[in-house]
Trainee: 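Take this structure, written in structure tokens, and hold onto it; I'll ask about it next.
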2 protein chains.
Amino acid sequence: MDTDAVDASRPPQAGAAFLLAQLGAHAAELFAQRIVRLDLTPAQAGLLRLLAQTPGRSQRELADVLGMPPSRFVPFADDLERRGLLERRKNPGDRRLHALFLTEDGAELLSRLRVEAAAHEKQMCAALAPSEHQELTGLLRRLAQQQGLSPGIHPGYRSMRTSSTSTAGRPAPDQSTA
Amino acid sequence: MDTDAVDASRPPQAGAAFLLAQLGAHAAELFAQRIVRLDLTPAQAGLLRLLAQTPGRSQRELADVLGMPPSRFVPFADDLERRGLLERRKNPGDRRLHALFLTEDGAELLSRLRVEAAAHEKQMCAALAPSEHQELTGLLRRLAQQQGLSPGIHPGYRSMRTSSTSTAGRPAPDQSTA
DNA sequence: TATTGTTATACTCTATAACTATA
DNA sequence: TATAGTTATAGAGTATAACAATA
């Protein structure tokens, strides 16, 4: 009985919840690094996927799904539009709305994105045998469903960088104003 | 051969890596909400755990482990010191160093933190049977080890709120469309 | 009057770089 | 001269709120 369950000097092994947070942050970081080559941030990649899934949605809708305020969505979409990856079309029925669509270039980039995602998947699960990999995926899917997470987007998009304007590279120690 | 073609309009099911990022962000969010009651952020909780594990480390060391620059660590520790949760002691051998220790109040708060962590674990894994829960934990541990993640701290601490001062203004908008 | 998209402003957070005290 | 801790400042990123067009 003196063997207290909780010993402050030697904490218990990390549980699944902590490991999920730890591995999730790690996975997000690795993926972000990976798609720097495509000059995309994870949030931008999420929008491209979203546009492929359900084209023609309004900016307001998309901003809601991604969990960002409309005022932030505008420059976020502006950047991708300038790069020719998505296009805004006026909705004839309600001319207040801008329907967003993926361009051909956007679709092409998305397919390259999927290649990166596959490589990332392999890298993250390198420790597992194929059957274990499948087992893990199944368990995670059940967790996500029970937690009410919608497929394809995750809460992290809210707080993720929305622009990739050359901040993507190394710290670039510009030692100005010495 | 055409069966493995990638159809943009109907993306493949999410893989384990994406689910990890999604569930990880979700878990971190839930945990953050949970410990608002203790007036702690996840990063603060991480430091308390760290101090219990290996007391007496210098601020520089701790900042490195948590992945934050020293200039940010100082006010971060200041806050917890003001609240009497940790204490700085001058190192007699090298008086430049501040050795950090958990106070009694800090240790007491940490034990309450562990209670919350246990409840959080149960909440996150509610979808699983006990044997599956154990199975998942084992798989995640192997992933974390293979990825070189050190136990107890995770990369997300770098970008997490370091103060809990009156952030309670906006509790939980809960904008997820479930 | 309500809603979509947009712009502007104010605020928070952060890293970089100076500064001090010890070594 | 180098390092631990600290402070100051400037910059990036954000949300809130005002605005214009359309309903």
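The sequence lines fix the lettering, A, B, ..., with proteins before strands; numbering per chain opens at 1.
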Trainee: Can you tell me how far C1' of dA21(D) sits from CG of Asp94(A), to the nearest Å?
Mentor: 11 Å
Trainee: Answer with yes or no whether Ser71(A) presents, from its side chain, a donor or acceptor under 3.5 Å of a partner atom in the base of dT14(D).
Mentor: no
Trainee: Does Arg72(B) or Lys90(B) map to a spot on DNA chain C nearer the 5' end, using the closest nucleotide for each?
Mentor: Arg72(B)
Trainee: Once you apply a heavy-atom cut-off of 4.0 Å, does Ser58(B) come out as touching a base, just sugar-phosphate, or nothing?
Mentor: sugar-phosphate
Trainee: Starting at CG of Asn91(A) and ending at C1' of dA23(D), how long is that distance when rounded to a whole Å?
Mentor: 12 Å
Trainee: Given Leu139(A), which partner from the list Leu19(B), Leu136(B), Leu140(B) fulfils the side-chain contact (heavy atoms from CB on, under 4.5 Å) test?
Mentor: Leu136(B)
Trainee: Is Glu108(B) paired with Arg112(B) through a side-chain N to carboxylate O contact shorter than 4.0 Å?
Mentor: yes
Trainee: Nearest whole Å is fine: how far is dT3(D) P from His98(B) NE2?
Mentor: 19 Å
Trainee: Quick check: any donor-acceptor pair below 3.5 Å linking the side-chain of Arg96(B) to the base of dT3(D)?
Mentor: yes
Trainee: Calculate the interatomic distance between Phe73(A) atom CZ and dT7(C) atom P; express it in whole Å.
Mentor: 14 Å
Trainee: Under the ring-ring contact (aromatic ring centres under 6.0 Å, His included) test against Phe31(A), which residue among His154(A), His26(A), His120(A) passes?
Mentor: His120(A)
Trainee: What is the separation between atom CG on Leu97(A) and atom C1' on dT3(C), rounded to the nearest whole Å?
Mentor: 9 Å
Trainee: Using five pairs at each end of the helix from dT1(C)-dA23(D) to dA23(C)-dT1(D) to define an axis, what is the angle between those two axes, to 10°?
Mentor: 10°
Trainee: Could you tell me the separation between the CZ atom of Arg57(A) and the P atom of dT4(C), rounded to a whole number of Å?
Mentor: 14 Å
Trainee: What is the distance, rounded to the nearest whole Å, between atom CZ of Phe76(B) and atom P of dG5(D)?
Mentor: 15 Å
Trainee: Just wondering, are more than 12 heavy atoms of other shown residues or ligands nearer than 6.0 Å to CD in Gln145(A)?
Mentor: no
Trainee: Closer to the 5' end of DNA chain D via nearest nucleotide, is it Pro69(A) or Gly93(A)?
Mentor: Pro69(A)
Trainee: Under the 3.5 Å rule, do the base of dT4(C) and the side chain of Arg60(A) count as making a donor-acceptor pair?
Mentor: no
Trainee: Backbone N or O of Ala16(A) within a donor-acceptor pair of the Glu121(B) side chain at under 3.5 Å?
Mentor: yes
Trainee: Run the side chain to side chain contact (heavy atoms under 4.5 Å, CB included) check on Leu143(B) and Leu20(B) step by step: do they pass?
Mentor: CA-CA 11 Å; Leu143(B) 252 57; Leu20(B) 283 171; 3.9 Å; yes
Trainee: Exactly one of Glu87(A), Arg60(A), Arg57(A), Arg88(A) should register a side-chain contact (heavy atoms from CB on, under 4.5 Å) with His98(A). Which one does?
Mentor: Arg88(A)
Trainee: In whole Å, I'd like the distance from the CE atom of Met68(A) to the P atom of dG13(D).
Mentor: 13 Å
Trainee: Closer than 4.0 Å, any side-chain N/O of Arg88(B) to the OP1 or OP2 of dT6(D)?
Mentor: yes
